[in-house]
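The block underneath contains the structure these notes are about, expressed in structure tokens.
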Amino acid sequence: MFRRATTLLRQPLMGATSRRFSTDLPAAPVEDSTFVEAWKKVSPNVEAPKTPLAYMKPRPATPTSLPSKLTVNFVLPYASELSAKEVDMVIVPATTGQMGVLPGHVATIAELKPGVLSVHEGNDVTKYFISSGFAFIHANSVADIIAVEAVPVDRIDANLVQKGLQEFTQKLNSATTDLEKAEAQIGVDVHSALNSALTG
Amino acid sequence: MAMAALRREGRRFATPLLSSPIRSSIISHSHEEVANGVRSISTQVVRNRMKSVKNIQKITKAMKMVAASKLRAIQTRTENSRGLWQPFTALLGDAPSVDVKKSVIVTISSDKGLCGGINSTSVKISRVLHKLSSGPEKETKYVILGEKAKAQLLRDSKQDISLSITELQKNPLNYTQNVEFDALKIVFNKFHSVVQFMPTVSTVLSPEIMERESEAGGKLGELDSYEIEGAETKGEVLQNLAEFQFSCILFNGVLENACSEQGARMSAMDSSSRNAGDMLDRLTLTYNRTRQASITTELIEIISGASALEG
């Protein structure tokens with residue numbers, strides 16, 4: 001008798017497969033039709049796998065007039081810090097220097113170096129120290145910032161930064177192989193950026 | 001009173017008679033005993049089976065619990081890493097049917113077994129992708145993550161495997177090994193829900209192919225309209241971009257596959273313990289029938305023996 005109960009409990013689970021994860025995106029059924037057709041020709045019995053296009057939420061189209069707000073997605077490997085947040089301006093630490101992004105900015109792919117990312121929303125400014133990554137600014141005033149590691153600036157300890165800087169400058173001076181030199185150089189860059197983040 | 005005495009005698013005789021086998025077997029389970037010239041109705045065989053099935057049920061239930069707890073831990077990490085591949089698809093689109101000379105298929109699978117059919121699905125998809133992208137002047141290679149896919153692909157595609165990495169839990173991925181590629185196809189199982197896993201293939205293009213496709217137009221045609229900031233040349237930035245994209249998508253893919261593995265193991269172990277439970281019920285019925293049949297036979301023989309003595 002109780003065996004039936006378990007099967008009955010499973011039914012709603014099976015029916016709920018049409019409901020996605022609450023954090024997953026609603027599937028706009030976009031498929032690459034050439035891929036699916038080529039697949040079917042080669043192997044009609046095996047179902048074609050899904051591609052990332054199937055899971056993407058459709059992005060807003062390029063507006064004709066200048067939008068008033070910038071939509072920012074700031075993602076890290078272990079969390080999505082900001083997703084689809086409407087802000088006035090962001091300043092990203094590109095390798096060519098600090099770059100300010102306003103709504104209606106030209107489409108850009110920017111490589112980032114370790115530095116401070118600041119998000120301006122009205123009168124609030126949130127600053128994060130990021131360890132490098134990429135920033136994509138699309139023509140529809142959506143900015144995607146992908147970083148490997150980010151920390152709010154007020155959580156950085158100044159003493160540890162000084163100590164790290166000294167340690168890495170020492171390592172740089174005493175480095176012999178190219179690999180060691182490169183590692184020490186990276187350490188020096190990051191720590192001096194941290195330093196300027198704290199002071200600037 | 002005589003009947004009571006008989007009944008007492010019957011009970012005293014019953015147990016030693018059961019163990020000293022001089023009975024004719026009427027149940028098929030005791031066929032083994034009959035072959036040796038010893039005839040009895042023995043419940044030993046059924047009892048042994050019941051014990052082993054019960055042990056199996058306990059083990060599979062425990063495995064299910066372990067998989068459920070691991071799933072909970074890894075599910076949050078997977079959900080958080082889902083934002084990672086979206087910017088790349090938004091920028092570069094997705095071109096799974098791109099025509100390239102050298103394609104590399106990265107198959108992500110698990111190291112341990114007993115996780116349902118997810119590894120076979122990944123291998124099936126990889127094989128079809130291999131067929132799809134092979135032709136004159138084209139070469140396709142495999143890079144395998146995980147033991148299970150390695151075992152399956154070694155059998156028929158041994159020469160096409162360029163790299164295989166196992167024990168991802170212990171040794172985190174490092175990208176020091178060089179594999180030349182024009183297009184990378186990463187095959188993994190995306191975690192949809194505890195009972196559903198979608199096989200997915202993500203494509204990463206090398207910088208040269210990205211340039212080629214952007215000039216050809218189509219989905220990547222807009223790439224040219226983007227200004228490039230940083231580094232010296234567009235080629236360098238695209239190189240870094242391709243590498244970054246690869247590592248992000250691989251990171252997400254490995255997490256999703258691990259999640260799917262735990263979920264598949266949970267449902268496989270769950271159905272296995274339910275199966276064991278069903279088997280146990282059936283065996284219990286057989287056991288009871290055997291036991292009752294043997295008792296009835298004893299009684300019949302005692303009573304017929306007693307009545308033969310009397311009358």
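Order of the sequence lines fixes the chain letters, A, B, ..., with proteins taken first and strands second; residue numbering starts at 1 for each chain. Worth saying up front: this structure is predicted, and the values here are computed from it rather than measured.
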Measuring heavy-atom distances to chain B, does [X] have an atom under 4.5 Å in its side chain, in its backbone, in both, or in neither?
X: A/V42; value: both
X: A/I137; value: backbone
X: A/S80; value: both
X: A/I145; value: neither
X: A/Y78; value: backbone

Next item on the list: Specify whether A/F136 and A/F134 have parallel, tilted or perpendicular ring planes, treating 30° as the upper limit for parallel and 60° as the lower limit for perpendicular.
Entry: tilted
Within the 3.5 Å criterion, strictly below it, is a donor on [X] or [Y] matched to an acceptor on the partner's side chain?
X: B/S126; Y: B/T107; value: yes
X: B/N257; Y: B/S110; value: no
X: B/E243; Y: B/Q239; value: yes

Next item on the list: Determine the sole option in A/L82, A/I146, A/V142 for which the side chain to side chain contact (heavy atoms under 4.5 Å, CB included) test with A/N73 is passed.
Entry: A/V142
Next item on the list: Count the heavy-atom pairs under 4.5 Å between each of B/L84, B/T121, B/I125 and chain A, then report the option with the highest count.
Entry: B/I125
